[in-house]
Amino acid sequence: MSKPSSRPEPRISRVGRASAQEHAGRELIEPRELVDAPFMPGQSPSLGARRALLLMVTTAAAEGFSDKVYRLSKRELRQGHESNDRIGALVDEVISIRFQIPGLSSRGRAAIIKAHLFEEITEETDEGNSAWIEFEFSHRARVLFGASEVYAVLNRTAVLAFDGKYAITLYQLGCLYSGRRDPTIRLTVPELRTRLGVPEGRYSDWAQIRRFVLGSAKEEVDHLAHFQLSIREHREGRKVVAVTLGFWRKDDPSIDAAVDELDRSKVGRKARRTGTVKQAETRAANIYKELTDSLPGLDVDKIPEL
DNA sequence: CCCTTAGGAACATCCACGAC
DNA sequence: GTCGTGGATGTTCCTAAGGG
């Protein structure tokens, strides 16, 4: 890694521990194994819990997930909110997070490993700014994440800027995949649901997932991240059975625009985002008009969609 | 700590497409 | 044609999150 610049560097680091220390402060890091781990069935942590988890993981990653008690001040954890009134609920949520990964049993057979992320979380009852929470990762988490060689590097400001829990999770995936030669990942719809932590029974049909999960998350990610999200649907008949997500690195001016947006106030961000969308729609409408005006015989409906 | 509000979630309706 | 399935879109209600 060279000197820090105003623009984010490529998001992959192969030197986990050193990198964690180097990036401490402006960036958050997360071991690949955790980014890639699907949520357990029924688990769908809130936006606040997902952010808190990242802060906690970064803290431990800086020390290679060694066996010790880590701590964060409540002030850091509450993420700008001027009171500690929701820290208790946040801790409840975070400590219940579990993960599952493929692995081996003690006699070497293929197995699914399910484990708690945290051994223990201690919350000081003091309400002042100096109060902290202490946390220990579970043995399984330490062994797995401590051995990780690939870390996703996330922009701390971006993580704190996202408004949607699915956006933040897609951003994590994107930070891991966007630096790869093939920055795409194909997931069946059920896989997509567990990856993003969509609760079972919610968003029963694809239209709802696209609208409330992918659609709104894509808007946010495209606006704030250093990569652009593409979504390709795969159908069997009319039914959408799988999607290919692509995390394409933006060109430099677009990355600068995203970084600039992170520097601006959160207030009005959505308006700026939808404003951009409106401009794009106007442009698309103009192109459409030019096309149909200049080629009167053209049947636009016969042109396949890109 | 409390108030406000954006947006999440549920529900309803309509539309498109394919099988028959 | 009609029937069933799946997708698109609009409406309403409520809650979580942000801000004073």
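This structure is a prediction, so every number in the text was calculated from the model and none was measured. Side chains included, hydrogens not; waters and symmetry mates left out as well; all remaining heavy atoms used. Lettering follows sequence order; numbering is per chain, from 1.
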**Study point:** Other residues, nucleotides, ligands: >12 heavy atoms within 6.0 Å of A/Arg71 CZ
**Key:** yes
Study note, to complete from the structure: Protein-proximity profile, nucleotides 6-14 of chain C, B/S/- by nucleotide at the 4.0 Å heavy-atom cutoff, equals BSBBBB---
Review point. Atom CZ of A/Arg50 and atom P of C/dA17: how far apart are they, to the nearest Å?
Key: 11 Å
Point to revise | d(NZ, A/Lys165; C1', C/dG18) in whole Å | key: 18 Å
Review point. Rounding to a whole Å, what distance do you find between A/Tyr166:OH and C/dA16:P?
Key: 14 Å
Point to revise | Euclidean distance, atom CD1 of residue A/Ile209 to atom P of B/dG8 [Å, nearest integer] | key: 15 Å
Review point. Can you check the A/Leu47 CG to B/dA9 P distance for me, whole Å?
Key: 12 Å
Check your understanding: Do NZ/NE/NH1/NH2 and the carboxylate oxygens of A/Lys74 and A/Glu123 come within less than 4.0 Å?
Key -> yes
**Study point:** Other residues, nucleotides, ligands: >12 heavy atoms within 6.0 Å of A/His234 NE2
**Key:** yes
**Study point:** Same cluster (ILVMFWY, side-chain, under 4.5 Å), A/Leu54 and A/Ile95
**Key:** yes
Study note, to complete from the structure: In short, A/Lys114 meets A/Gln100 closest at the heavy-atom pair CE-OE1, 3.4 Å
Exercise for review: Would you indicate whether A/Arg142, at its atom CZ, is surrounded by more than 12 heavy atoms from other residues, nucleotides or ligands within a distance under 6.0 Å?
Suggested key: yes
